[in-house]
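Single-structure report; data block below.
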Amino acid sequence: MADKYIIQGKRALKGEVQISGSKNAALGIIAAAMVVDGPSVIENLPQIQDIKVLLEICQELGAEIDWINGNTIRLDPTTINTHQAISEKVSKIRGSYYLLGSFLGKFRKVSLLMPGGCDFGARPIDLHIKGFQALGGGNMSDENGVISIEANQLKGAGVFLDTVSVGATINIMLAAVKAEGVTVINNAAKEPHIVDVANFLNTMGADIRGAGTDVIKITGRPVLEANRSYTIIPDQIEAGTYMIMAAITHGDLTCTNLIPKHMEPLTAKLIEMGAMVQEGDDSIRVALLPNDHLKAVSFKTMPYPGFPTDLQPQTTTLLTAAQGTGRMIESVWENRFQYIEQLQAMGANIVTSGKLAVVQGSPLKGATVFARDLRAGAAMVTAGLAAEGETTVTNVYAIQRGYENFIEKLQAVGADIKVG
Ligand code: UD1
C-alpha cells in the first residue's frame, strides 16, 4: 500500500468530481444492518479502509457479506455467532463502537474491545453508556480494555444527552429499535448521517421519528424484517474537501452526486470569502478566478447545522490563502490543532491559543509533512496543491481511511499528485 503522496503545487483543479457515499453514515448503517433480522442490501458504500475493516469485523463475528458490485453489499446478520467483538481489528477504527448498541439490541449483551480512531484529545463514551443504562443495560464492566454490558430487559426510556454527540445518538438508536416500548433521545445530534441511519432502520421496519431534530422518538420492535435495499447518502466531508481544494487552487470544480443542503455551512462561508459557488439539484460548482482573492473570515466548529469540525483542518489551510487575518475556533474537540505545526513547516503564519487558531494569510511552500489523522491528512494535501514547489505527504494510510479513489479523483481534475 502507498505510503506517501508527492504533489507539485499551483495547479488549478478543473472539471468534475463525483462524491462517494458517506463514511460516517456507512459505519452506522453497517452496524444497523447487524441488528436487523434478515439480510439487507447496502448501496453507495465507499471503498475505503474504515469500511473495509468494519466489514472484516462483521465477517469475523459470523455475518455473511457478499459484494454485489464495487459499492454494493448484501449483509446477512442471521449467521452471527457471538456477542463478543474483541479482536484487534475492533480497536483500529472508531466506528466499531456502534456494535455496542447493535449487539445490546440484538442479544441483550455485548463485549467490545475499546475502539480507536483519530486522536484529537479525549474521546469519552460516557454518554453512550448513560443511554444504555437508561434502557436497562447493567452488569457493566471494563476489563483489559474490553467493555461488557448486559441487560436482563431492554426497555425504552427517556435519555438526555448533555453534550450533543453523534456517536451516542446513533448508538442509543441502535439499541432502542429492539427495546420494549418508547425511547426518547433529547438533545440528539442532527447530522445528516443520523438521519441516514434512521432512514435505513425505518426501511427495515423500525419506527424512528424526529431524526434530524434534537428529539428522536424510537418505538422498539421485536423483529425488524429487513430484506430491502438502501442507498447511503453522499459524503458531506469528502465534498467539502474538494470544494475547499477548488477555492485554494483558484480552480473551477463541480462536485456531483451530493446533497447541496448538507453543504450549506460551508457554501455560506465560501461565498463570504469571495468564491463563486453555484448550486445545482445534486451538484455544487466552486470557482475562483486566477486574479481573485479570498477574504479572511472567522469560523467556529459546531454540531450540525453548524460548521463541521471534520472540515476544520482543510478550512484552516484555506485561510492561509486568504488576504488578512482569519480565525478558527474549534469547539467540538479539545485538541484538533496538532497538525498546525505541519502547516507552519510549509510557511503558514498561524498562532494557536487553546481552541483558537489565528491565521495570517501568507503563501505556502512545499515541504515534507505528515498526515497525522484523516482530515489533517486531507489538509496536508490541500496545502500541497496550493504550495509553491513539491510537497511530500507521509503516512497517507490515514487519508485512505476516508477518501475513496483520492489520487485518481484528484488527477482527473488536473492535480499533479502521485503515490511515492
Ligand atoms: C463523529 C464522527 C467524527 C466527527 C464527530 C463530530 C464518526 C465515526 N465520527 O465522532 O468524524 O468529528 O462526530 O462531528 O461518525 N462526547 C462526550 N461523551 C460521549 C461522547 C462524546 O463527552 O460519550 C463529546 C466528545 O468528547 C466531543 C463531542 O462530544 O467533544 C462530540 O463527539 P461525538 O459527536 O460523539 O463524536 P463521534 O461520534 O466520536
Side-chain angles (χ1 to χ4, degrees), residues 21-32 46 48-51 53-54 57 90 92-102 112 114-134 137 140 142 147 149 159-175 185 187-197 214 232-233 235-238 240-241 262 265-266 300-315 329-337 339 354-355 373-379 398-399 401-403:
S22 160
K23 168 177 90 75
N24 288 346
L27 292 168
I29 286 172
I30 290 168
I48 51 176
Q49 277 305 314
D50 269 21
I51 298 303
V53 174
L54 184 57
I57 293 167
V90 176
K92 281 201 178 143
I93 55 167
R94 189 82 192 153
S96 55
Y97 66 3
Y98 290 138
L99 292 171
L100 276 178
S102 180
L112 185 101
M114 258 313 275
C118 294
D119 164 25
F120 18 81
R123 298 190 75 172
I125 59 162
D126 55 302
L127 295 170
H128 307 227
I129 302 291
K130 187 177 148 188
F132 299 144
Q133 280 173 331
M140 196 116 21
D142 181 356
I147 306 168
I149 312 170
V159 182
F160 178 80
L161 302 178
D162 30 57
T163 302
V164 177
S165 161
V166 171
T169 303
I170 291 181
N171 235 338
I172 296 166
M173 224 158 65
L174 288 170
I185 308 175
N187 201 26
K190 297 182 272 203
E191 268 66 6
H193 42 287
I194 292 186
V195 180
D196 212 32
V197 176
D214 54 10
I232 293 172
I233 53 166
D235 197 303
Q236 172 205 10
I237 305 302
E238 187 202 13
T241 303
H262 295 168
L266 175 63
K300 183 176 182 183
T301 65
M302 303 274 280
Y304 189 84
F307 192 83
T309 173
D310 287 353
L311 286 177
Q312 183 262 102
Q314 304 88 315
T315 310
I329 298 171
E330 170 57 60
S331 75
V332 176
W333 296 111
E334 62 175 22
N335 195 4
R336 205 174 187 175
F337 282 146
Y339 69 89
K355 293 186 163 194
D373 61 56
L374 168 57
R375 306 304 172 186
I399 303 174
R401 283 191 37 223
Y403 288 87

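Each ligand, and each atom within it, is numbered from 1 in the order the structure gives. All values below come from the heavy atoms of this structure, side chains included, with hydrogens, waters and symmetry mates left out. Treat the numbers as computed from the prediction; the structure is a model and nothing was measured.
Set against the non-hydrogen atoms of Thr309, the atoms of ligand 1 under 4.0 Å away are 6 (C), 12 (O), 14 (O). Within ligand 1, the atoms closer than 4.0 Å to a non-hydrogen atom of Val332 are 27 (C), 30 (O), 31 (C), numbered from 1 in the order shown. Listed by atom number, the atoms of ligand 1 under 4.0 Å from Arg94 heavy atoms are 39 (O). Here is the list of ligand 1 atoms found below 4.0 Å of a heavy atom in Leu27: 8 (C). Interface atoms of ligand 1 facing Gly167, defined by a heavy-atom separation under 4.0 Å, are 35 (O), 38 (O).
Contacts between Ile129 and ligand 1 below 4.0 angstrom, taking non-hydrogen atoms only, are absent altogether. Residue Asp310 touches ligand 1 through its side chain alone, judged by heavy-atom distances below 4.0 Å.
Checking only distances, Asn24 does come within under 3.5 Å of ligand 1, N or O to N or O. The shortest N or O to N or O distance between Thr163 and ligand 1 is not below 3.5 Å. Between Ala168 and ligand 1, no N or O atom pair is found at a separation short of 3.5 Å. The distance criterion of under 3.5 Å between nitrogen or oxygen atoms is met by Val166 with respect to ligand 1.
Contact between Gly95 and ligand 1 is absent, with no heavy atom of the residue lying under 4.0 Å from the ligand. Distances from ligand 1 to the non-hydrogen atoms of Tyr304 include no value under 4.0 Å. A heavy-atom separation below 4.0 Å is found between Arg336 and ligand 1.
When the options Pro124, Gly306, Ser331 are ranked by their closest heavy atom to atom 22 (O) of ligand 1, first place goes to Pro124. Taking all heavy atoms of Tyr98, Tyr97, Trp333 into account, the minimum distance to atom 5 (C) of ligand 1 is reached by Trp333. Nearest-residue assignment for atom 31 (C) of ligand 1 (options Thr301, Leu374, Ile125, Val164; heavy-atom criterion): Val164.
With salt bridges taken as basic N to acidic carboxylate O contacts below 4.0 Å, one links Asp50 and Arg401.
Around the NZ atom of Lys300, the shell of radius 6.0 Å holds no more than 12 heavy atoms that belong to other residues, nucleotides or ligands.
Across Arg336, Lys23, Arg94, a single residue satisfies salt bridge (Lys or Arg N to Asp or Glu O under 4.0 Å) together with Asp310, and that is Arg336.
A donor-acceptor pair under 3.5 Å is absent between the side-chain atoms of Thr301 and the main chain of Thr309, judged by distance alone. In this structure, Lys130 contributes its side chain and Val159 its backbone to no donor-acceptor pair below 3.5 Å. At least one donor-acceptor pair closer than 3.5 Å links the side chain of Asn171 to the backbone N or O of Gly101.
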inquiry  = Between His193 and Tyr304, does the side chain to side chain contact (heavy atoms under 4.5 Å, CB included) criterion hold? Intermediate values first, please.
reply    = CA-CA 10 Å; His193 42 287; Tyr304 189 84; over 6 Å; no
Derivation and outcome, side chain to side chain contact (heavy atoms under 4.5 Å, CB included), residues Glu330 and Val332
CA-CA 6 Å; Glu330 170 57 60; Val332 176; 3.4 Å; yes
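Of all the heavy atoms in Ser331 and Lys355, the pair that sits closest is O-NZ, 4.1 Å.
With sequence neighbours excluded, the residues satisfying ring pair (Phe, Tyr, Trp, His ring centres under 6.0 Å) with Tyr403 are Phe406.
Sorted by first and then second residue, the salt bridge (charged side-chain N to carboxylate O under 4.0 Å, His left out) pairs with a member in residues 163-173 form an empty list; sequence neighbours excluded.
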